[in-house]
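One-based numbering, in listed order, for ligands and for the atoms of each.
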Amino acid sequence: MKYSEIPSGTQVSIIIPTYNESQNILKILKSIQDNLPKNTRTQTIVVDDNSPDGTGKLVEEYMQSVKKFANHTIEVIHRKTKDGLSSAILKGVQIATGNTIVVMDSDLSHPASLLPKMIDALKHPKYDIVVASRYVNGGSIIGWTRKRKFLSRLATFIAKRGLGVRTKDPMSGFFAFKKPVIQGLSFDAIGYKMLLEILVKAKNASVLEIPYTFTNREFGKSKLDSKTIFDYLKAVWKLYRYGKEANKEEGRKSVSFLSKAGRFYSIGAIGLAINYGVSSLFTDVVSDLWYLHATIIGIAVSMSSNFILNKVWTFEDRDFEPKHASIQYAKFMGLSSLGALAQLAMVYLLVDHNKMDYPIALVLAVATSALSNFVLNKKLTFKEKVWS
Ligand code: GDD
Ligand code: MN
């Protein structure tokens, strides 16, 4: 299966997960070869999930057709079924022999020209993880729809608020790390978010973000779908539980007003994602459903899931005695609807009477109603002291 034996002492292993990338894979392999830093022994591992379009076979053929490169070997792992992006990355990491691991997509969205810089930064003892970042100064995205940009921002917000991650682009699929950083850790590898899981679990690692421009693929299709969104939420939940356990071990139990507010806000954002996922699921799957009905279902589902999440997560209330829980549910729905009305009224007053710019008014109104929503639910629905 191997193109050639790994030269002794591989330094860098580049992992490329693929699923139906026959139009991209050879281009990216060539681009990697052209951009590799000099005098670095590199191994590229393609992890293919039995792509129906023959991506894996293409790589095999390519490996046979090209001459042996001096410092670069290519190999491909054929997995039997499509088991997801993160698990493909993990598979690659397991067999990687390099001390520096790089992960990148195969669809040319991630420029191989950034490799030398990333690999170089990891030579520095100061850095353990390098993230190619769209959200630091100088980074950008080309070719994504507004919807996709919004989803990416929302996912980033949830990670930062819900999990306390400080990296600006924890959703990046383009990153590198020193292999020892993940030693002894075990991973869930759900869905797309391998980097996020590494950032949460290797929490003392130091991270450098290097800006780059993400260019949407020219060929083939993105594999992101509603399932990826739900997988993401599942992954965040598991990581939250994980962080809590880890904290317990360290004997830190303080649950403050601020951390509850943070959870309340990130559940608000999760609610938006669920709302979005459910409505698009309904318009995608049940195609003759009127979109407004789909939206109403989306709102109902997300408000209910917001309730349950806030009950068990934010306020750590596990009492599901039917009568008690339904009263709480009704209060929660009532206060949320009131909050929405108050928000509308505030925007109206600020814009129409105080001549404020709409975006500023909106931000003010959302912030105020979210805060009062939080405080009121804390006090009235979940019967806690306000400042606790
Ligand atoms: N082996 C395997 N198995 N590979 C997969 C699978 C899978 O189930 N799903 C996706 N891939 C591969 C694709 O073939 C591609 O090389 C890469 O993973 C990324 O998939 P895309 O479908 O192109 O993802 P995207 O462009 O929507 O999102 C990417 O960019 C985001 C922003 O940086 C991903 O890298 C995300 O993780 C990232 O957040
Ligand atoms: Mn892509």
Side-chain angles (χ1 to χ4, degrees), residues 14-29 31-32 44-56 58-59 76-95 102-112 114 118 131-136 139-145 147-159 165 167-176 189-199 209-229 231-232 235-236 273:
I14 302 177
I15 295 163
I16 308 201
T18 57
Y19 190 75
N20 282 349
E21 301 287 3
S22 59
Q23 291 165 287
N24 297 310
I25 185 63
L26 297 187
K27 293 192 193 97
I28 187 68
L29 289 177
S31 179
I32 289 172
T44 296
I45 305 171
V46 175
V47 186
D48 185 67
D49 283 0
N50 198 10
S51 299
D53 77 348
T55 305
L58 261 181
V59 180
V76 55
I77 306 203
H78 302 280
R79 299 203 300 176
K80 291 213 174 61
T81 47
K82 183 172 185 299
D83 284 338
L85 175 50
S86 291
S87 89
I89 294 171
L90 210 57
K91 181 78 207 167
V93 172
Q94 277 158 9
I95 67 146
V102 183
V103 176
M104 69 192 290
D105 291 350
S106 63
D107 58 359
L108 303 160
S109 288
H110 300 155
L114 203 65
M118 294 169 77
V131 176
S133 173
R134 298 160 294 171
Y135 301 139
V136 288
S140 60
I141 297 172
I142 295 179
W144 265 5
T145 59
K147 217 192 225 173
R148 180 72 207 255
K149 280 188 185 160
F150 170 73
L151 276 182
S152 172
R153 288 288 189 179
L154 188 63
T156 306
F157 178 86
I158 291 172
V165 169
T167 308
K168 293 237 164 59
D169 192 359
M171 301 294 122
S172 181
F174 192 13
F175 57 96
I190 303 170
Y192 263 36
K193 294 307 151 200
M194 201 58 225
L195 174 61
L196 182 62
E197 194 171 356
I198 294 175
L199 290 172
E209 291 189 77
I210 302 180
Y212 84 105
T213 299
F214 177 101
T215 316
N216 196 18
R217 57 164 77 235
E218 219 177 305
F219 305 104
K221 277 200 304 223
S222 167
K223 280 88 203 169
L224 185 127
D225 52 16
S226 328
K227 181 175 181 296
T228 318
I229 298 177
D231 278 346
Y232 175 63
V236 170

Query raised in the report: Is there at least one pair of N or O atoms, one from R79 and one from ligand 1, spaced under 3.5 Å apart?
Result: no

Report task. Return a yes/no value for T18: is any of its N or O atoms, backbone included, closer than 3.5 angstrom to an N or O of ligand 1? Result -> yes

Give me the nearest non-hydrogen protein atom to [atom] as residue plus atom name, then the distance to 0.1 Å.
| atom | answer |
| --- | --- |
| atom 15 (C) of ligand 1 | E21 OE2, 3.3 Å |
| atom 17 (C) of ligand 1 | D105 OD1, 3.4 Å |
| atom 39 (O) of ligand 1 | M171 O, 2.5 Å |
| atom 32 (C) of ligand 1 | R134 NH1, 3.1 Å |
| atom 30 (O) of ligand 1 | F214 CE1, 3.5 Å |
| atom 3 (N) of ligand 1 | D49 OD2, 2.7 Å |
| atom 37 (O) of ligand 1 | K193 NZ, 3.4 Å |
| atom 36 (C) of ligand 1 | Y192 CD2, 3.6 Å |

From the options [options], select the one residue that forms a side-chain contact (heavy atoms from CB on, under 4.5 Å) with [X].
| X | options | result |
| --- | --- | --- |
| D48 | T55, L58, I77, I16 | T55 |
| D49 | K80, K91, H78, R79 | R79 |
| S172 | T167, T156, V131 | V131 |

Query - H78 and ligand 1 - part of the residue with a heavy-atom distance under 4.0 Å - result: neither

Query raised in the report: In terms of the angle between their ring planes, are F174 and H110 parallel, tilted or perpendicular, with boundaries placed at 30° and 60°?
Result: parallel

Query raised in the report: Strictly under 4.0 Å, does any heavy atom of R148 approach an atom of ligand 1?
Result: yes

Query raised in the report: Are any of the heavy atoms in S109 under 4.0 Å away from ligand 1?
Result: no

Query - M171 and L196, any side-chain heavy atoms less than 4.5 Å apart - result: yes

Query raised in the report: Among side-chain atoms of T228 and D231, is any donor-acceptor pair under 3.5 angstrom?
Result: no

Requested in this report: Return yes when at least one N/O/S atom of D105 is nearer than 2.8 Å to the Mn ion (ligand 2), and no when none is.
Outcome: no

